[in-house]
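To start, the structure under review is shown below, and the notes come after it.
Here, residue 1 is the first one in the sequence, and each next residue gets the next number. Bear in mind the structure is a predicted one, so any value in this text is a computation, not a measurement. Note that ligands are numbered from 1 as they come in the structure, with each ligand's atoms numbered from 1 the same way.
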Amino acid sequence: MHQEKQEAQDGRILLYEDYNIRASSQPNVYGEKFVLRLLKKNTDIRNIFELGFPVEEKELKKSITKKNSITIIAAPTGEGKTTTLYSIIDYLNSPEINITTIEDPVEIRISGLNQIEIDSKSSFSGALRTVLRQDPDIILVGEIRDKETGEIAIQAGQTGHYVLSTIHTIDAVEVITRLRKMGLSDYDIASTLATSISERLVRKLCPECRRERPFNKEEKEIITSIGKRYGVEFDLSGTTYDAVGCKNCNNTGYFDRTGIFEILDLNDELKEMVMSGKSSLEIRQEALKHGYRPLVVDGINKIIAGKTTLEELNKKLLIY
Ligand SMILES: [Zn+2]
């Protein structure tokens, strides 16, 4: 990073063996504000199902192997988008398929992939144009940030490639709104967007100290009313757990994290709605009839499975 520059910058601190520090600076009226993100180096890629992906392998395959299409993972910063993206790419990786990635920066190196890192002189859209001339089977675009990248990604999807990318938004349905706001046409979105996935990370209950008990009345009411809203019946006859705290979990009651997910598969009915400019609210309502289950539903399933708590889920999704 340039020391005298008074403009926003991105940089990296590479002093440590096991960690990279991503640094981002933003000048403000008092000086500069810095945000540092600690990233573990050479992290092993985690199996998509170990991350808490809620569907069977068969269904996942259906969602992520459509040719001529785009799969987009949507979440706010720090909710595991990149990890999920890498897990999916790793799942699809095999010697007979040509996979090219365009990343900013390359966070994990995976053998068998052609990974391209963009820098201050290049852009996602510029790199994507070059990559298209090499005609790979699968293209991973780190992030769709602007109309130009979105358009080329869609064009790639329309010309026989499978494209994977991420977008910064709150859930799977809002991906459509984001793409529209970037200036992409309803036709282009409907013709190529096949699947959008959203996720959040929640802390997992510490297995050493979690305390088992039945669901109380208030929890049952909250969960049942959420179930009604989305047409899901939850079985609350089992038990749930309180987070307690012990040596193992540094007295927090939680240890490690798991993903909660939602998957929106755009079938013909939903594509039709996108094409005719229907709002995300209307699309969401229709999607529920076709098996779309919002993040909160997977979250509650993970509470029932004893992995996390209603309190933790509420911190993430503000459900009550
Ligand atoms: Zn503990």
**Asked** Distance-only, no hydrogens or angles: does the Arg200 side chain make a donor-acceptor pair with backbone N or O of Pro76 under 3.5 Å?
**Response** no
**Prompt:** Is the shortest side-chain N to carboxylate O distance from Asp242 to Arg210 below 4.0 Å?
**Reply:** no
**Item:** Ser25 side chain vs Gln9 backbone, donor-acceptor pair below 3.5 Å
**Value:** yes
**Message:** I'd like to know if Arg145 and Asp104 make a salt bridge, using a cut-off of under 4.0 Å between side-chain N and carboxylate O.
**Reply:** yes
**Prompt:** Could Glu103 and Arg109 be called an ion pair, given the rule that one side-chain N must be under 4.0 Å from one carboxylate O?
**Reply:** no
**Complete:** Ignoring waters, protein N/O/S atoms under 2.8 Å from the Zn ion (ligand 1) are Cys206 SG, Cys209 SG, Cys246 SG, Cys249 SG
**Request:** Kindly give the heavy-atom pair with the smallest separation between Cys249 and Phe255, and that separation in Å.
**Result:** CA-CD1, 4.2 Å
